[in-house]
Amino acid sequence: MSEPTIAMFICRNARAALTSADGTEMPLAGVQVIELPCSGRVDEVMVLRALRQGAWAAIVVACLDGNCRNLTGNYQARKRVDEVRSLLLQLGLGPDRVKMFSVASNQRAVLAEAVRKVMDEARERGPIRILEGDR
Amino acid sequence: MIIAERKDLKQITEMLEGRKRVLVAGCRSCVSICHAGGEKEVAIMAEALRLKAEREGREMEVSEVAVERQCEKEWVRGIERQVAAGDIVLSMACVEKCGGCGDCVLHLTGGVCPIARCAKSLLNGPCGGSQDGRCEVDRETPCGWEQIYQSLGRLGRLDLLEVNIPPRSWLPSRSGGPRRTVRPSVAKGAEERAAEVRR
Amino acid sequence: MRSGSNLERVLESGRFAVTAEIGPPRSASSEAVRRKARLLKGSADAFNLTDNQTAIVRLSSMASSVACLQEGVEPVMQMTCRDRNRIAMQADLLGACSLGIRNVLCISGDHQTFGNQKEAKNVWDIDPIQQLMVFRQMRDLGQTWGGDGLEERPQVLLGAAANPFADPFELRVVRLAKKVNAGADFIQTQAIFDLDRFERFMGMVRERGLDRRTHIIAGVIPLRSANAARYMKAKVAGMRVPDEIVDRMSRATDPKKEGARICVETIDRLRAMEGVHGVHIMAIGWEEIVPEIVRECGLDHRP
Ligand code: SF4
Ligand code: SF4
């Protein structure tokens, strides 16, 4: 089976977590990074489209609670992620194909670990199929 | 009062079964304000339908449109061509004569609401009092079920009248308490409110 | 046997059934019902007790039915969807069966604006077709609509109404089919004056084979005066009275006699129609004519 691809929607501020102190970028094979000015910019359409265009999973990366530079962007992102998951469930697709992570800009290891997990899971489950949502 | 809520997508996809060209039509007025059928919601719906169709390996062309006001003929005329090009229109707009029952059956009744337009809110009408297209209650009032019959006739779906509609749920109607906002993702949550106060 | 009722026995035996209507009084006493029951005993197989007909408050159809039982005649309890939600309906069905009532007619009921308490709030939680579905589930599966098991199932014959004279005509037989599918064991029709239209209706009924899946009991009303005929023609929604009937009534020197004669002639023609399994005589406020009509038709000597 081919290697998984996942879509990562990440806010400009959290993006720093992808780069280590010495300036090296985290290896991101198979990850399509979509940078947003703020995680609050993410919406249902974007995530659904990424899945339709072939991503095996999508993750939204935002700042930690209380740390959003725009105050509430990360909270808004969380609600939209919840909504997408509910839509996927209604469509008969697996809602856990979409996840959200909150990281501080220096939590590189945390983010790397999260990405690895999503990748592993996607590899295990393969491309999205209908009815995996179990209804 | 306008209340709008999107049906469960499962129900919607069932309604669209076998259709190849779907036009998702939103409305920029009331349903847009309550986040149920504006441009944004149309985009989400269209994207969700495409995703499902593609995953199922079905061919389905989904186009999107939002009309200024679907309840006015002048505005709707502007999308006539798009409507003609599709084989079904999924309207996300509200209905002028709607009883607010919360579990819409318009897809079974040719777009005419039996809750609001039938004096007895029958789901398996018309009753024995319907005569000359008028309701038994008053000869001035058109019989809602006669209109449903006419409309289904025009749509070539008189077969729908042969099917018994079982007792419905009134849970989402007024006895279900105040309505929640449709797209939870647009309602302000507690944490957002708290964050704003902190500022 | 679904109910063990007399009406069911007659219908199943293939004999031509006779039912008649008894209107309950505006009274806390059931004496008027008892009097009519005694008067009509032997003239019909079962008697319909109307349920706040035309939305006017009267002795309840359940109490009236029990009065009939006590007088030794079999009731058909009418139950409208106007006044009860599904919870009350199911409770009333159980209550009726516990009291010995074995026939129930499921109807939508006249709109409250026909009565003298127009400001009342109606119910119509479910419609008559759904009412049949609910009751059939209780009887055949021993379950309430909510799914709870019943210790004792209601033994009941389920009836419904049909009006071949309402519009759209093509839909009348469709709706009848829906009622049969929902569980109607017998059907009582609106009063028939326009025999030609009824004949056409029956043709469509037979075409769909519905006469073999349910028992159709054709409704008749004996007219008392030309005015009554005119009133029904002009004012009663879903009723058709041909001009020739109105003419006959206005020409008659003894309108009552003429009305009874028209009724007897109508019944004779109905009996000759394939698929009609009985007649339902609605002599509202003129119940005493029923034995005479039945005798004239040679339908007396009910078992
Ligand atoms: S069925 Fe009628 S009352 Fe119910 S939502 Fe649809 S239009 Fe409104
Ligand atoms: S006549 Fe038509 S609108 Fe009036 S109560 Fe009957 S079915 Fe409903």
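Throughout, a chain's letter reflects where its sequence line sits, starting with A, and its residues are numbered from 1. Computation of the quantities below employed the complete heavy-atom set of this structure, encompassing side-chain atoms and omitting hydrogens, waters and symmetry-equivalent molecules.
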Chain B heavy atoms under 4.5 Å from [X]: which part of the residue, side chain, backbone, both or neither?
| X | answer |
| --- | --- |
| Asn163(C) | side chain |
| Asn122(C) | side chain |
| Phe169(C) | neither |
| Lys235(C) | backbone |
| Val123(C) | neither |
| Gln131(C) | neither |
| Arg172(C) | side chain |

Most contacts with chain B, counted as non-hydrogen pairs under 4.5 angstrom, among Met133(C), Lys178(C), Arg240(C): Lys178(C)
Residue selection (most heavy-atom pairs with chain B, distance under 4.5 Å) from Arg175(C), Gln112(C), Lys179(C):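 The residue among Arg175(C), Gln112(C), Lys179(C) with the greatest pair count is Arg175(C).
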More than 12 heavy atoms of other groups within 6.0 Å of Glu61(B) CD: no
Residues Arg50(B), Glu54(B): salt bridge by 4.0 Å N-O rule: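 Judged by the 4.0 Å cut-off on N to carboxylate O distance, Arg50(B) and Glu54(B) do not form a salt bridge.
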Carboxylate-amine/guanidinium contact Asp125(C) Arg82(C), below 4.0 Å: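 Salt bridge flag = no for Arg82(C) with Asp125(C).
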Does one side chain, of [X] or [Y], offer a donor that lies under 3.5 Å from an acceptor on the other?
| X | Y | value |
| --- | --- | --- |
| Ser130(B) | Glu136(B) | no |
| Asn164(B) | Asn181(C) | no |
| Gln78(C) | Asn48(C) | yes |
| Glu21(C) | Thr50(C) | no |

Expected output: side-chain Asp87(B) to main-chain Lys20(B) donor-acceptor under 3.5 Å: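 Looks like yes, one N/O pair under 3.5 Å.
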Backbone N/O of Thr80(C) and side chain of Arg84(C): donor-acceptor pair under 3.5 Å: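 Checked: pair present.
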Non-hydrogen atoms of Leu195(C) and Met273(C) that approach each other most closely: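 Nearest pair, atom of Leu195(C) first, then Met273(C): CD2-CE, 3.9 Å.
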Contact summary for Cys81(C) and Asp127(C), nearest pair of heavy atoms: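 The answer is SG-C, 3.6 Å.
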Pick whichever of [options] has the most heavy-atom pairs under 4.5 Å with chain C.
| options | answer |
| --- | --- |
| Asp138(B), Ile165(B), Leu158(B) | Ile165(B) |
| Gln150(B), Glu146(B), Arg134(B) | Glu146(B) |
| Pro166(B), Pro126(B), Cys135(B), Cys143(B) | Pro126(B) |

Chain B neighbours within residues 205-219 of chain C, where any heavy atom lies under 4.5 Å away: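 Those residues of residues 205-219 of chain C which have a heavy atom under 4.5 Å from chain B are Arg208(C).
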Intermediate values then yes/no, side chain to side chain donor-acceptor pair (under 3.5 Å), Gln188(C) and Thr19(C): CA-CA 9 Å; Gln188(C) 289 174 319; Thr19(C) 56; 3.1 Å; yes
